[in-house]
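Take a look at the structure below.
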Amino acid sequence: ADDRLRHASFRGLREDKPVREIVRETPKPATVAKPQRRSVRLTHPDRLYWPDDGVTKEGLADYYVEIWRHIAPFIVGRPLALLRCPNGVGGETFFQKRAWKGLDGNIVLAKDPKEPSEEPLIGIRDLDGLMGLVQSAVLEIHPWGSTLADWERPDRIVMDLDPGEDTPWTAVIAAAQETRRRLEEAGLSAFVKTSGGKGLHVVSPLTPTTEWPAVKAFTKTIAEAMAADSPDRFVSTVAKAKRRGRVLIDYLRNQRGATAIAAYSTRARPGAAVSMPLAWDELSAGVGPAYFTIRNAPRRLASLESDPWAGFHAAAAPLEAPKPRRKTAA
DNA sequence: GTGTGAA
DNA sequence: TTCACACAACGCGAG
DNA sequence: CTCGCG
Ligand SMILES: [Mn+2]
Ligand SMILES: [Mn+2]
């Protein structure tokens, strides 16, 4: 069913070239009952949150109900930073990390043990919580890398790969592969997703055994090594001036309190893209960072033989103290 | 999107 | 009752 | 210290 209008004026549209298995024709028989949207009522369900794309508030809720089982492990039980856009993309937007007056009852308060006198942070427990976020006009969900069960020991690393101006997409793919190599060399597994914006994220699941400062130091070492080994391809500092033609290896997502866009979260930009987990062999010129959207993501997930990130949580490994490179005799 | 307080 | 208005992050690294 | 950054 081809629904809702697409503005003909929206240029830069991907001409849905079928990319191998990325989005399959025949959906798998859908048998599992979808979780129903329950107690949370949406005000203004027909309000356009992505006006250029014809996506409404209710469309956003439908998307999250549909992909709930995929997104849940990445957003439940963690402090969340939120990007809210009550008037949709194009209207005023603001980040919010602390509880507010009148927040939905399904959104939980989480007092940061490191700042007992501050307002609590925000979390969710279940689909109703996510629906509460939708009702609050949350268009982007940015979780911490650690959980409410263990604030100080992250259970994932994110290497955020951002192309500079004039950096070809193939260079971002190469950066992801190089990042993967180095993470695996350290005994970790590495998974890749589009960011829904301009780049890629390489994500490693961790067993939460190492505290933030050591985790950050580890990721900084990787970023700086990459920049040192290929100064023409990579930079590890955020200053934009030096990025042209290169890829920023942004390791600073890996600090206490820092966040990165969640897998499957929508982005508050024209196009209604989402951050989409991929298999490594799906990386290609034809699948850009914003290829997957609210519209085509559910189709992809319903038709995939196997979720490329199915093994994500089982693949968690401890971050070992960096081994001495090789022991030199004597 | 929501609570507040003035009109 | 209506409506204008305020409010909703913040820490880090570079220079 | 201010500024840019995400
Ligand atoms: Mn970044
Ligand atoms: Mn990025």
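Quick caveat: nothing in here was measured; it's all calculated off a predicted structure. Quick note: numbers below take in every heavy atom, side chains included, and nothing from hydrogens, waters or symmetry partners. Residue numbering restarts at 1 for every chain, and letters A, B, ... go by the order of the sequence lines.
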Check whether A/Trp50 forms a cation-pi arrangement with A/Arg295 (NZ or CZ under 6.0 Å from the six-membered ring centre, at most 45° off the ring normal).
no

Rounded to whole Å, CD of A/Glu92 lies from P of C/dA4 at a distance of 16 Å

In whole Å, measure the gap between the C1' atoms of D/dG6 and C/dC7 for me.
22 Å

State, with a plain yes or no, whether a side-chain heavy atom of A/Val274 is found less than 4.5 Å away from one of A/Ile294.
yes

To the nearest Å, how far apart are A/Trp212 CH2 and C/dC12 C1'?
14 Å

On a whole-Å scale, what distance lies between the C1' atoms belonging to D/dC5 and C/dA9?
13 Å

Measuring from the side chain of A/Lys240 (C-beta onward, heavy atoms only), which nucleotide among D/dC5, C/dC10, B/dT4 has the closest atom?
D/dC5

Check the distance between C/dA14's P and A/Leu252's CG and give it to me in whole angstrom.
8 Å

Would A/Arg69 and A/Asp307 pass as an ion pair if we require N to O under 4.0 Å?
no

When rounded to whole Å, the CZ to P distance for the pair A/Phe95 and D/dG4 reads 18 Å

So, is A/Arg98 close to the C/dC10 phosphate, meaning a side-chain N or O under 4.0 Å from OP1 or OP2?
yes

Is there a Watson-Crick or G-U wobble partner for B/dA6 with both distances under 3.5 Å, and if so, which one is it?
C/dT2

Among the candidates C/dA8, C/dC12, B/dT4, find the nucleotide nearest to the side-chain atoms of A/Gln96.
C/dA8

C/dG11 phosphate, OP1 or OP2: any side-chain N/O from A/Lys216 under 4.0 angstrom?
no

Of the listed C/dA8, C/dG13, B/dT4, the closest approach to the A/Tyr251 side chain comes from C/dG13

In this structure, how many angstroms lie between the P atom of C/dC10 and the CH2 atom of A/Trp144, rounded?
12 Å

Among the nucleotides B/dT4, C/dC10, C/dG13, whichever has the atom closest to the side chain of A/Lys97 is C/dC10

Determine the contact category for A/Gly257: base if any of its heavy atoms lies under 4.0 Å from a base atom, sugar-phosphate if only primed atoms, P, OP1 or OP2 are that close, otherwise nothing.
nothing

For the residue pair A/Phe74 and A/His313, does the interplanar ring angle fall in the parallel (under 30°), tilted (30 to 60°) or perpendicular (over 60°) class?
tilted

If I take atom CG in residue A/Leu248 and atom P in nucleotide D/dG4, what distance separates them, rounded to the nearest angstrom?
17 Å

Would you mind reporting whether A/Pro163 and A/Trp169 have side-chain heavy atoms less than 4.5 Å apart?
no

Applying the side chain to side chain donor-acceptor pair (under 3.5 Å) criterion to A/Lys57, which one of A/Asp62, A/Thr43, A/Asp46 satisfies it?
A/Thr43

Closest to side chain of A/Val238, choosing from C/dA9, C/dC12, D/dC5:
D/dC5

With the side chain defined as heavy atoms from C-beta on, A/Thr237 is closest, among C/dA9, C/dC12, C/dA14, to C/dA14

Is the shortest side-chain N to carboxylate O distance from A/Lys97 to A/Glu118 below 4.0 Å?
no

Reckon A/Lys242 touches a base, only the sugar-phosphate, or nothing at all at heavy-atom distances under 4.0 Å?
nothing

At under 4.0 Å between heavy atoms, what does A/Ala239 touch on the DNA or RNA strands: base, sugar-phosphate, or nothing?
nothing

Does A/Arg243 make a side-chain N or O approach to OP1 or OP2 of D/dG6 shorter than 4.0 Å?
yes

Span that lies between the C1' atom of B/dT2 and that of C/dC10, in whole angstrom
23 Å

Nearest-Å distance, CG (A/Leu103) to P (B/dT2)?
10 Å

For B/dT2, does OP1 or OP2 lie under 4.0 Å from any side-chain N or O of A/Gln135?
yes

Would you mind telling me which of B/dT2, C/dC12, D/dC5 lies closest to the side-chain atoms of A/Thr43?
B/dT2

So A/Glu140, base contact, sugar-phosphate only, or nothing? Heavy-atom distance under 4.0 Å.
nothing

Out of D/dG6, C/dA9, C/dC12, which nucleotide sits closest to the side chain of A/Arg253?
D/dG6

Whole Å only: how far is the CD1 atom of A/Ile141 from the C1' atom of D/dG6?
17 Å

